[in-house]
Amino acid sequence: MSIRWPDGTSTDIPAGTSAGDALRHWNAQQTRLALAAILDGELIDLAHPLTHAGVLAPLLPDDKAGREVLQHSAAHLVAKAVTELIPDALPTDGPPTDEGFYYDFEMRPLTADELPALEAKIRETVRRKDRFERSEISKTEAEALFRHNPHKLGYIAKVPDGRPVSIYRTGTFTDLCRGPHVPDAGWLEGIHILGFSAVIPGTVSSGGAFQRVRGVAFPTRAELETYLKRRTEAEARDHRILGPRLELFTFSDEIPGFPFWNPKGMIVVRELEAFVREHLAEAGYSEIRTPLIYPQSIYETSGHWEHYRENMFLTTVDDRTFGLKPMNCPGAMLVFRSRSRSYRELPMRLAEFAPLHRLEASGTIHGLTRAREFVQDDAHVFVTEEQIPAEIRTLIEWVQRAMGTFHLEWTAELSTRPAKFLGTAETWDRAESMLKSVLDGAGLKYKISPGEGAFYGPKIDIHIRDSLGRSWQCGTIQLDYQLPDRFGLQYQGTDGTLHTPVVVHRVILGTWERFLGVFLEHCAGWLPPWLAPVQVRVLPVTERQVPRVTELAAEWRTAGLRVESTDSQDTLSKRIREAEVAHVPYIAVVGDREVAAGTVALRAHGQKGQRSLTPAQLVEQLRAKVATREYDP
RNA sequence: GCCGCGGUGGCUCAGUCGGUAGAGCGGCUCCUUGGUAAGGAGCAGGUCGAGGGUUCGAUUCCCUCCCGCGGCUCCA
C-alpha cells in the first residue's frame, strides 16, 4: 500500500508495518526525534500498524501536539508512581498544560517528605524504559477494569456504546487514555515534579479536595537543566523582591495585601498617572472624585450587595452599614444622575483614580499583582448604543499604544453571555457581535471565552504575563446595560423623550499596582528613563569635584531631571556598582578632566562604555527621551 | 478560604541531637582621594514570627494563631 510523506513523495509499504518503522524507512535522520506520528491528520503511536494507504508525518517534540504528547506521557509516569506508592490514590485526569502537565488524584494529602520517593519511582521507570502499550477493549471490559475508580467510570460512561475504549499500560500501571504516547518511558529523561497542592474538584464531584501533582517534561536531562536555569533567573525578577530592594514599595505583616508606596515608588505611580491623564485629556475625558465609602442602600441599587458583599470591607456606624467601594461605578452613576442630561453630552466620559478595597481571599494575595487595595485607571463612558463601536475602537487603539510604550506582549479575550445573565438574549447577541467586529477590524487575534462574561454584559479583557509566565488580567472593556437602568439614568434624546444610556466600564493599564508588578518583572527592575525614580546619579571621582557635582545636581534638578549625587567616601568602582544595583539608568562621573573640559562622563544602562558630553546636552537628550517616553536609556 | 512547605539582625543565610545565637552584605564612625560593578578598620544592631504547653531550663519538642511561598478557586 502507498504511504505519502510530508515532502510529497510516496513509498510502497507492506501492510502491518508500524508507523515508526515506516517513518524510519522514509527518512531516518528527520524522524529520529519523532515521538509519535500523524496519519491522515490523526495522532497515532509509533507502534501503530499501518493498515491502509494514507499520508504519514512524524510528530516531533517541538510541535505543539508533540509537546503535549510528551507532557501527557509524563503525567502517566506520575500517576504510575503515585499509585505504586499510595495504592488508595484514585487517578482522575492528567492533561498537558501551558507550562507542563499535572495529574489529579482523589486521595489523602501528600506531604513533602513523600516527594523523594515519588521522584525515585519515576526515575526508575524512566531508566527501565517501560513501554507505553496500547490496547483496545470493550466498554464492559473497561468498566470491569476500572470498577474501583468512579472518575474513570465517569469518563467511560461518556464513550458512545459499541465504541471500543483505549487503554495504555506502562509497567504495572494501566490508564484509560486516548493517546498517543511516546514509545517508552526512556523518552522522558527530563521529567521533573514542580510541586503538588490541593485543588477544588471541577466537573467530577466527590466532596473533598483533590491532590494535584504538577510537573514538566523534556526529552533530555540537558533540556530540563536549561529550563530550570531559566526559571531560577525568572524568579530573580520577582517584583516582590525587586520592589522593596529598589525602595519602590513595601508590605507590612500587620496588614497583608496593602501596598505601602515608598517615595521612589510614588514617583513611578505619579508618572504612570501622568501618562494616562495625558491621554484622557486628548480623548475627551473628565475626571471626578467621589466618596470611598457608601451605605448599603447604594450597593443594593448597584447590585454589589447581592453579588459582591463577601468581597467587601464593611463597617457599621450609627446602626447603618457602610462598605468601602470595591469599584468606582456607583460614584460615576451618581454624578451622571446629579442633574438631567442631554444626548448632546454623550459620550460622557468620567474617569476616576480612587483607591479601591476588595477583601481578597487570604491565599490569593500576591504582592502587587493581587492586593486588597489598589487604584485603577478607571473610567465610565455613558453612550448611546450607536456610539458603542467607535468608543470601543478608540479604546482598543489606546490599549495597543499603551502596551507598545511598555514593550509588553498582551492577549485579548472576549467573554460572552454567561448562563445567568440580565437583559435580553438579543441585546447580548448584538453587543457580542459588535465587540467581535471591532476586534476583527483592529486585526487582533483574540480568544473567546464562552459564558465568561459579567452578568450585566460582555467584555474584552487584556492579559499580560509575569516573569514566570503567569497570566494577569489588566485592562478590561465591559459593556453594561444594567447599571444605568438600576440607577435610573436617563438622557433626553433628539426626539425629546427620555432614554437610558449604556455604560462602558473600562480600564487600560488595569491598576497601578498590578500593572507595575508585572512591568517590573518584564523590565527586570530597569524602568525606562521616564519612569525611573532616579534618572541620573552624579559621582565625583575625588573630593575635589564634590562642589562641581553639587552644582550639577542642582542645575539638573531645576531642569526637571530626577538626580541623586554621592560624596566620595567609597571608591569610584564601588559607587558605580551601587548605582547599577540601584538600577539608575544614567551614571554621570565628574573628575578633574571633566571639570576642566566642562563635561561629564556618562554611562547609560544597556550601552557599552561611556561618552563625554556637556551638562546641557545631557539635559536635552534625557528630556527628549522622557517626552517621547522611550523605552531604552 | 483549601492542600503542602517555610519564618534566626534591614537583606542573604549558618547554628543550637533542649543550656537564651554567628557570618557576609547593608548601616554608622574613622582611615584611604580612588577613573567606571565590592579599598581597609572599628562599632551598633537579634524578646530566633506571636501566644500557650511539656521541661529545672525552649530559638530548638508539641499545640494554636499570624505572616510568607507554590498551587487551586476567584479576580484588576
Side-chain angles (χ1 to χ4, degrees), chain A residues 97 99 102 104 107-115 194-202 208-214 235 238 240-241 244-245 247 250-257 308 310-311 326-328 356 358-378 452 454 459 461-464 468 470-476 478 505-518 539-546 567-582 587-594 601-603 608-610:
Chain A
T97 62
E99 183 169 27
Y102 65 79
D104 285 350
M107 62 182 292
R108 52 129 179 116
L110 277 163
T111 62
D113 40 340
E114 290 174 294
L115 209 55
L194 288 169
F196 53 88
S197 65
V199 299
I200 288 146
F210 289 3
Q211 290 291 309
R212 171 168 301 177
V213 181
R214 294 176 313 112
E235 279 165 11
D238 192 324
R240 293 166 299 183
I241 310 287
R245 184 172 293 162
E247 298 175 0
T250 46
F251 285 93
S252 165
D253 285 356
E254 311 275 323
I255 178 162
Y308 209 76
E310 59 285 359
N311 282 306
M327 302 174 195
N328 286 311
L356 303 177
R358 298 187 188 173
L359 186 51
E360 301 291 345
S362 60
T364 64
I365 288 171
H366 190 97
L368 243 34
T369 43
R370 187 74 178 269
R372 282 178 168 169
E373 186 192 74
F374 50 83
V375 178
Q376 295 181 319
D377 63 326
D378 199 11
E452 293 296 311
K459 56 176 186 162
D461 291 328
I462 307 301
H463 294 260
I464 54 183
L468 281 178
R470 288 178 287 227
S471 174
W472 296 97
Q473 183 186 320
C474 279
T476 180
Q478 313 186 343
H505 304 253
R506 42 109 295 175
V507 293
I508 305 295
L509 301 183
T511 67
W512 309 142
E513 286 76 10
R514 177 173 288 183
F515 185 80
L516 267 174
V518 176
L539 320 177
V541 174
T542 73
E543 193 86 36
R544 288 189 299 283
Q545 299 87 30
V546 169
D567 60 20
S568 59
Q569 280 296 102
D570 295 305
T571 60
L572 218 217
S573 285
K574 175 71 178 293
R575 287 173 290 139
I576 296 277
R577 179 174 195 277
E578 280 170 351
E580 292 284 346
V581 170
I587 302 170
V589 174
V590 180
D592 284 337
R593 292 203 294 271
E594 286 73 23
L602 189 72
R603 174 180 167 129
K608 276 190 202 134
Q610 311 114 46

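Chain letters run A, B, ... following the sequence lines, proteins first, then strands; residues in each count from 1.
With sequence neighbours left out, Arg544(A) forms a side-chain hydrogen bond (donor to acceptor under 3.5 Å, both in side chains) with Asp592(A). For the ring pair (Phe, Tyr, Trp, His ring centres under 6.0 Å) test, residues two or more places apart in sequence or in another chain that qualify with His366(A) are Trp472(A). In this view, Thr476(A) and Asp461(A), Gln478(A) satisfy the side-chain hydrogen bond (donor to acceptor under 3.5 Å, both in side chains) rule, not counting sequence neighbours. Residues passing the side-chain contact (heavy atoms from CB on, under 4.5 Å) test with Glu247(A) are Lys264(A), sequence neighbours excluded. The side-chain contact (heavy atoms from CB on, under 4.5 Å) search around Phe374(A) returns Leu356(A), Arg358(A), Gln376(A), Thr511(A), Glu513(A), not counting sequence neighbours. Scanning for side-chain contact (heavy atoms from CB on, under 4.5 Å) contacts around Ala371(A) gives Pro259(A), with sequence neighbours left out. Legend: residues meeting ring pair (Phe, Tyr, Trp, His ring centres under 6.0 Å) with Phe515(A), ordered by chain and number and at least two apart, are Phe406(A). The side-chain contact (heavy atoms from CB on, under 4.5 Å) test applied to Glu594(A) returns Val590(A), Thr599(A), Ala601(A), not counting sequence neighbours.
Rounded to whole Å, the C1' atom of G27(B) lies 44 Å from the corresponding atom of U73(B). Comparing C62(B) with U47(B), their P atoms sit 24 Å apart, to the nearest whole Å. The P atoms of U16(B) and C69(B) are separated by 28 Å, rounded to the nearest whole Å. Distance check on atom P: U12(B) versus G26(B) gives 15 Å, rounded to whole Å. Atom name C1', nucleotides C2(B) and C74(B): the rounded distance is 13 Å, in whole Å. Rounded to whole Å, the separation between the P atoms of C48(B) and U20(B) comes to 13 Å. Separation of the C1' atoms belonging to G34(B) and U60(B) is 48 Å when rounded to the nearest angstrom. Between the P atoms of A21(B) and G9(B), the separation comes to 15 Å (whole Å).
Gln473(A) has a side-chain polar atom (N or O) that falls below the 4.0 Å cut-off from OP1 or OP2 of A76(B). Listed pair His366(A) / G70(B) meets the phosphate criterion, a side-chain N or O lying under 4.0 Å from OP1 or OP2. Between A37(B) and Arg603(A), a contact under 4.0 Å exists linking OP1 or OP2 to a side-chain N or O. Close to C69(B), at under 4.0 Å from its OP1 or OP2, lies a side-chain N or O of Arg240(A).
A straight line from CG of Leu359(A) to C1' of C75(B) spans 13 Å, rounded to a whole angstrom. Between Ile365(A) atom CD1 and G68(B) atom P there is a gap of 6 Å when expressed in whole angstrom units. Note: CD (Gln211(A)) to P (G70(B)) measures 18 Å, nearest angstrom. Going from atom CD of Gln610(A) over to atom P of G35(B) covers 13 Å, rounded to whole Å. Whole-Å rounding puts the Glu310(A) CD to U73(B) C1' distance at 13 Å. What separates CZ of Arg577(A) from P of U36(B) is a distance of 16 Å, to the nearest Å. Distance Lys459(A) NZ to C75(B) P: 7 Å, rounded to the nearest Å. Per the geometry, CZ belonging to Arg370(A) stands 14 Å off P belonging to G68(B), to the nearest Å.
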Exercise. Would you check, one step at a time, whether the test side chain to side chain contact (heavy atoms under 4.5 Å, CB included) holds for Lys459(A) with His505(A)?
Key: CA-CA 9 Å; Lys459(A) 56 176 186 162; His505(A) 304 253; over 6 Å; no

Self-check item: side chain to side chain contact (heavy atoms under 4.5 Å, CB included) between Arg514(A) and Thr369(A), worked out
Solution: CA-CA 4 Å; Arg514(A) 177 173 288 183; Thr369(A) 43; 4.2 Å; yes

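At the heavy-atom level, Glu580(A) lies under 4.0 Å from base atoms of the strands shown. Looking at heavy-atom distances under 4.0 Å, Asp592(A) makes contact with a base. When heavy atoms are screened at a 4.0 angstrom cut-off, Val507(A) is found touching no nucleic acid atom at all. Using a 4.0 Å heavy-atom distance criterion, Gly195(A) is classed as making no nucleic acid contact. Nucleic acid contact class of Arg358(A) (heavy atoms, under 4.0 Å, all strands): base. Counting non-hydrogen atoms under 4.0 angstrom, Arg470(A) reaches the backbone sugars and phosphates but no base. Across all strands shown, Leu110(A) has heavy atoms under 4.0 Å from sugar-phosphate atoms exclusively, and none from any base. If you check every strand for non-hydrogen atoms under 4.0 Å, Gln545(A) touches nothing. Base contact: Ala601(A) has a heavy atom under 4.0 Å from a base atom. Within the 4.0 angstrom heavy-atom criterion, only backbone atoms of the sugar-phosphate kind lie near Ala112(A); the bases stay farther away.
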Enumerate the protein-to-nucleotides 39-50 of chain B contacts in which both atoms are nitrogen or oxygen and the separation is below 3.5 Å.
residue	atom	partner	partner atom	Å
G39(B)	OP2	Thr571(A)	OG1	3.0

Tabulated below should be each protein N or O lying under 3.5 Å from an N or O of nucleotides 60-67 of chain B; please produce it.
residue	atom	partner	partner atom	Å
C67(B)	O2'	Asp253(A)	OD1	2.8

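Screening Val541(A), Val589(A), Asp570(A) for a side chain to side chain contact (heavy atoms under 4.5 Å, CB included) involving Arg575(A) leaves a single residue, Asp570(A).
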Self-check item: Intra- and inter-strand pairs of RNA chain B in dot-bracket (Watson-Crick or G-U wobble, both distances under 3.5 Å; | for another strand)
Solution: (((((((..((((.....[..)))).(((((.......))))).....(((((..]....))))))))))))....

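Counting heavy atoms of neighbouring residues, nucleotides and ligands inside a 6.0 Å radius, atom CD of Glu254(A) does not exceed 12 of them.
Each of Thr111(A) and Ser197(A) has a nearest nucleotide on RNA chain B; the 5'-most of these lies closest to Thr111(A). Across the interface with RNA chain B, nearest-nucleotide mapping of Val590(A) and Glu578(A) shows Glu578(A) to be the residue nearer the 5′ end.
Two residues are said to be in side-chain contact when any heavy atoms from C-beta on lie closer than 4.5 Å; Arg214(A) and Thr97(A) fail this criterion.
For Arg514(A) against C75(B), a side-chain-to-base donor-acceptor contact under 3.5 Å is present.
Here salt bridge (Lys or Arg N to Asp or Glu O under 4.0 Å) pairs that include residues 367-378 of chain A, with residues two or more places apart or in two chains, are Glu360(A)-Arg370(A).
Of all non-hydrogen atoms in Glu114(A) and Pro109(A), the two that sit nearest each other are OE1-O, 4.4 Å.
For Ser568(A), whose side chain is taken as the heavy atoms from C-beta onward, the closest listed nucleotide among G70(B), G34(B), C3(B) is G34(B).
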